[in-house]
Trainee: 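Below are the structure tokens for one structure; questions will follow.
Note that ligands are numbered from 1 as they come in the structure, with each ligand's atoms numbered from 1 the same way.
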Amino acid sequence: MVGNVVIVGAGQAAVQAIDTLRRHHFGGRLTLIGAEPELPYQRPPLSKKYLAGALARERLLLRPASFYAQHAVETRLGRRVEAIERREQRLRLDDGTSVAYDALLLATGSRPRPLAVPGTDLEGVYSLRTVADAERIRPALICGARLVIVGGGYIGLEVAATARESGAEVTVLEFAPRVIGRVTCNAVSDFYATEHERRGVRIVCGARVQAIAAHGTPQRVRAVITEDGQEYAADAVLLGVGAVPASELASNAGLPCEDGIRVDEYCRTTDPAIYAAGDCANLPSPHYGRRLRLESVDNAFEQGASAALNLLGQTTVHDRVPWFWSDQYDLKLVIVGISAGYDEVVLRGNPASRAFTACYLREGELIALDSINTPKDQLAARKLIPARARPDRARLADPGVTLQQAC
Ligand SMILES: Cc1cc2nc3c(=O)[nH]c(=O)nc-3n(C[C@H](O)[C@H](O)[C@H](O)COP(=O)(O)OP(=O)(O)OC[C@H]3O[C@@H](n4cnc5c(N)ncnc54)[C@H](O)[C@@H]3O)c2cc1C
């Protein structure tokens with residue numbers, strides 16, 4: 001029985017683990033250590049309402065300050081863990097102190113992927129992960145300011161929507177042939193590109209950034225230059241080229257890492273006292289038959305809960321079909337499941353109506369779904385995909401037939 005649990009990383013997964021531990025009557029010592037000075041907060045609004053200035057800072061908090069006192073959590077915020085001393089079951093912090101553990105949960109999240117070109121350290125070049133990042137970017141989103149976003153993934157497109165609604169002139173440079181192409185089919189990419197262009201966002205695909213150019217003293221961003229010699233004038237640049245898992249604590253401690261901290265289906269590393277959950281963790285998915293590392297609120301929430309149960313000895317296999325959402329303008333995209341490996345896409349509804357669903361099939365089985373303003377479909381999919389539903393193609397393509405009736 002563990003008596004002293006320490007969680008490193010004060011984010012979504014950590015909060016859910018705390019909630020689950022105490023709900024399941026863990027009466028031992030519980031410590032939360034986080035590098036950011038804030039209590040755990042929601043990141044999704046950072047590219048949406050909070051960036052737009054339409055949400056107060058306090059509303060970001062995942063739980064009020066009183067939650068941590070009520071749950072007897074010792075918080076050490078603004079403190080980075082520098083090393084795990086596994087033999088001694090002890091952590092070394094950046095203020096020189098040590099914290100002992102019986103069980104350790106690594107919930108260290110991910111960080112923006114760096115872009116390896118000259119000029120990323122210039123004034124006016126940003127990335128977006130933390131509330132402090134959002135507050136630095138916000139003043140740049142003013143009417144008429146030229147914002148160049150490198151990367152047409154979710155964060156890039158969400159910021160594009162927020163910036164456009166603030167009146168900024170927005171250009172998105174995407175290296176791939178289409179935006180959000182890593183996880184969606186052509187129809188969904190085309191739809192989003194059209195929606196952005198309709199509102200005045202310039203989208204340039206196949207654009208490989210070579211450098212970010214400067215002017216003035218101190219040196220400030222002037223333009224983004226692509227390999228074909230084009231210059232895109234910029235007052236500000238957002239780098240949105242994906243995220244990398246914060247797994248260095250684990251790898252430096254000799255724990256296996258490969259695209260995240262490798263854990264088993266119980267969220268446990270090869271060290272039986274150490275678990276990992278959320279963006280930093282790479283788990284086997286029994287449903288999909290392969291390893292996954294995911295970056296979503298649902299994933300961090302569910303893995304934080306699973307890790308906590310396993311840490312208490314309540315053996316729980318983590319086998320969930322994940323889901324993710326993205327809000328851009330008045331469009332709500334919900335992705336259920338993992339579409340990788342699909343061999344067929346069936347559309348329900350017409351993209352021109354601005355409410356449609358893309359269903360991804362593999363050998364006839366529904367493996368994933370992108371729902372754009374079709375809440376009934378995504379809710380149904382959350383049950384049908386785990387049940388390995390095999391829809392009738394013709395009925396699936398008919399939006400007059402419910403998803404349940406098609407399966
Ligand atoms: C701008 C933005 C928009 C997003 N929008 C959506 C969305 O619309 N829908 C959705 O599902 N998901 C969205 N996400 C993703 C979602 O927010 C993340 O998947 C989720 O926050 C991951 O939670 P986590 O607990 O794994 O990590 P995090 O919330 O990142 O928390 C990890 C914490 O660990 C700390 N840490 C790291 N290393 C150390 C260390 N050595 N010592 C101490 N502390 C450390 C970090 O500083 C960080 O505070 C968005 C993310 C961002 C950045």
Trainee: So, applying side chain to side chain donor-acceptor pair (under 3.5 Å) with Tyr329, which one of Glu195, Arg198, His196, Glu158 is it?
Mentor: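 Testing Tyr329 for a side chain to side chain donor-acceptor pair (under 3.5 Å) against Glu195, Arg198, His196, Glu158 leaves exactly one candidate, His196.
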
Trainee: Which one of Arg129, Arg43, Arg111, Arg80 has a non-hydrogen atom at the shortest distance from atom 48 (C) of ligand 1?
Mentor: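 Among Arg129, Arg43, Arg111, Arg80, the closest heavy atom to atom 48 (C) of ligand 1 comes from Arg43.
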
Trainee: Just wondering, more than 12 heavy atoms not from Lys49 lying within 6.0 Å of its NZ?
Mentor: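 No, NZ of Lys49 has 12 or fewer neighbouring heavy atoms, counting only those of other groups under 6.0 Å.
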
Trainee: Counting non-hydrogen protein atoms only, what is the nearest one to atom 3 (C) of ligand 1? Give residue, atom name and distance.
Mentor: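 In this structure, atom 3 (C) of ligand 1 has Ser47 OG, 3.4 Å as its nearest protein heavy atom.
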
Trainee: Counting only heavy atoms closer than 4.0 Å, does ligand 1 sit against the backbone of Leu249, its side chain, both, or neither?
Mentor: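 The answer is the side chain of Leu249.
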
Trainee: Provide the number and element of each atom of ligand 1 under 4.0 Å from a heavy atom of Gly278.
Mentor: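 By the 4.0 Å cutoff, the relevant atoms are 26 (O).
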
Trainee: Give me the residue, atom name and distance of the protein heavy atom closest to atom 43 (C) of ligand 1.
Mentor: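 The closest one turns out to be Ala35 N, 3.4 Å.
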
Trainee: Are Thr120 and Leu239 side-chain neighbours, meaning at least one heavy-atom pair lies under 4.5 Å?
Mentor: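 Touching, per the 4.5 Å side-chain cut-off.
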
Trainee: Flag the pair Asn310 / Leu312 as yes when at least one side-chain heavy-atom distance between them is below 4.5 Å, and no otherwise.
Mentor: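 The answer is no, as the side chains (C-beta and beyond) never meet within the 4.5 Å cut-off.
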
Trainee: In the protein, what heavy atom is nearest to atom 37 (C) of ligand 1, and what distance, to one decimal place, separates them?
Mentor: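 Checking every protein heavy atom, the shortest distance to atom 37 (C) of ligand 1 gives Thr108 O, 3.2 Å.
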
Trainee: Considering the heavy atoms of Glu295, write down every atom of ligand 1 situated less than 4.0 Å from one of them.
Mentor: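 Here the atoms of ligand 1 in question are 19 (O).
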
Trainee: Indicate, as side chain, backbone, both or neither, the part of Ala243 found under 4.0 angstrom from ligand 1 when only non-hydrogen atoms are considered.
Mentor: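 Neither part.
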
Trainee: How far is atom 49 (O) of ligand 1 from its nearest protein heavy atom, and which residue and atom is that?
Mentor: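 Checked against all protein heavy atoms, atom 49 (O) of ligand 1 sits closest to Glu36 OE2, 2.6 Å.
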
Trainee: Can a salt bridge be assigned to the pair Arg222 and Glu231 using a cut-off of 4.0 Å between side-chain N and carboxylate O?
Mentor: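 Salt bridge present between Arg222 and Glu231.
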
Trainee: So which bit of Ser296 gets within less than 4.0 Å of ligand 1, heavy atoms only: side chain, backbone, both or neither?
Mentor: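 Under 4.0 Å from ligand 1, Ser296 contributes backbone and side-chain atoms.
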
Trainee: To which protein heavy atom is atom 34 (O) of ligand 1 closest, and what is the distance rounded to 0.1 Å?
Mentor: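 For atom 34 (O) of ligand 1, the nearest protein heavy atom is Gly9 CA, 3.1 Å.
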
Trainee: In terms of atom number and element, which parts of ligand 1 are under 4.0 angstrom from non-hydrogen atoms of Val8?
Mentor: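 Atoms satisfying the 4.0 Å criterion: 40 (C), 42 (N), 43 (C).
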
Trainee: Would you say the ring centroid of Phe324 lies under 6.0 angstrom from that of Tyr154?
Mentor: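 Between Phe324 and Tyr154, the centre distance is under 6.0 Å.
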
Trainee: Considering only the protein, which heavy-atom contact is closest to atom 11 (O) of ligand 1, and what is its distance?
Mentor: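 It is Val297 N, 3.0 Å.
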
Trainee: Is Gln89 reaching over with its side chain to a backbone N or O of Leu104, donor-acceptor style, under 3.5 angstrom?
Mentor: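 It does not hold such a pair.
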
Trainee: Identify, by atom number and element, the atoms of ligand 1 in contact range of Ala13, meaning under 4.0 Å from any of its heavy atoms.
Mentor: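 Checking each atom against Ala13, I get 25 (O).
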
Trainee: Taking NZ, NE, NH1 and NH2 as the nitrogens, is one of them in Arg390 or Glu363 under 4.0 Å from a carboxylate oxygen of the other?
Mentor: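 Here Arg390 does not pair with Glu363 in a salt bridge, since their nearest N and O are not under 4.0 Å apart.
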
Trainee: Whether Asp330 and Arg354 form a salt bridge (side-chain N of Lys/Arg under 4.0 Å from carboxylate O of Asp/Glu) is what I want to check.
Mentor: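 Yes, this pair counts.
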
Trainee: Among Asp94, Ile335, Val81, Leu294, whose heavy atom sits nearest atom 40 (C) of ligand 1?
Mentor: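 Of the listed residues, Val81 has the closest heavy atom.
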
Trainee: Return yes if some donor-acceptor pair links the side-chain N/O of Asp133 with the main-chain N/O of Arg129 below 3.5 Å, else return no.
Mentor: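 Answer holds: yes.
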
Trainee: Is the closest side-chain heavy-atom distance between Lys48 and Leu51 below 4.5 Å?
Mentor: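 Lys48 vs Leu51: side chains apart.
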
Trainee: Would you mind finding which of Tyr154, Tyr50, Trp325 brings a heavy atom closest to atom 9 (N) of ligand 1?
Mentor: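 Checking each option, the heavy atom nearest atom 9 (N) of ligand 1 is found in Trp325.
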
Trainee: Tell me which protein heavy atom sits closest to atom 27 (O) of ligand 1, plus the residue, atom name and distance to 0.1 Å.
Mentor: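 Nearest neighbour among protein heavy atoms for atom 27 (O) of ligand 1, to 0.1 Å: Gly109 CA, 3.3 Å.
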
Trainee: Heavy atom under 4.0 Å from ligand 1: found in Asp327's side chain, backbone, both, or neither?
Mentor: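 Neither part.
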
Trainee: Does Gly34 offer a backbone N or O that forms a donor-acceptor pair with the side chain of Arg79 under 3.5 Å?
Mentor: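 No, because the side chain of Arg79 does not come within donor-acceptor range (under 3.5 Å) of the backbone of Gly34.
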
Trainee: Which is closest to atom 8 (O) of ligand 1 in terms of heavy atoms, Gln303, Lys48, Arg79?
Mentor: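 It is Lys48 whose heavy atom sits nearest to atom 8 (O) of ligand 1.
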
Trainee: Output the list of atoms in ligand 1 that are nearer than 4.0 Å to some heavy atom of Gly11, sorted by atom number.
Mentor: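 By the 4.0 Å cutoff, the relevant atoms are 25 (O), 29 (O), 31 (O).
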
Trainee: Any idea which of Ile7, Val15, Asp279 brings a heavy atom closest to atom 26 (O) of ligand 1?
Mentor: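 Looking at heavy atoms only, the winner is Asp279.
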
Trainee: Taking the cut-offs as 6.0 angstrom to the six-membered ring centre and 45 degrees off its axis, would you call Arg43 and Tyr41 a cation-pi pair?
Mentor: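 Yes, Arg43 and Tyr41 form such a contact.
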
Trainee: Could you list the atoms of ligand 1 found under 4.0 angstrom from a heavy atom of Ile155?
Mentor: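 Contacts of ligand 1 toward Ile155, numbered from 1: 1 (C), 2 (C), 52 (C), 53 (C).
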
Trainee: Hey, are Arg178 and Asp190 close enough for a salt bridge, meaning a charged N less than 4.0 Å from a carboxylate O?
Mentor: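 No, this pair does not count.
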
Trainee: Below 4.0 angstrom from a heavy atom of Ala107, which ligand 1 atoms are there? Numbered from 1 as shown, please.
Mentor: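 The list of qualifying atoms is 32 (C), 33 (C), 34 (O).
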
Trainee: Looking only at protein heavy atoms, which one is nearest to atom 4 (C) of ligand 1, and what is the separation?
Mentor: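 Checked against all protein heavy atoms, atom 4 (C) of ligand 1 sits closest to Pro44 CA, 3.6 Å.
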
Trainee: Looking only at side-chain N and O atoms, does Gln303 offer a donor or acceptor that is under 3.5 Å from a partner on Asn299?
Mentor: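 Yes, a side-chain donor-acceptor pair sits under 3.5 Å.
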
Trainee: Just which atoms of ligand 1 are under 4.0 Å from any heavy atom in Gln12?
Mentor: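 Those qualifying, in numeric order: 23 (O), 25 (O), 29 (O).
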
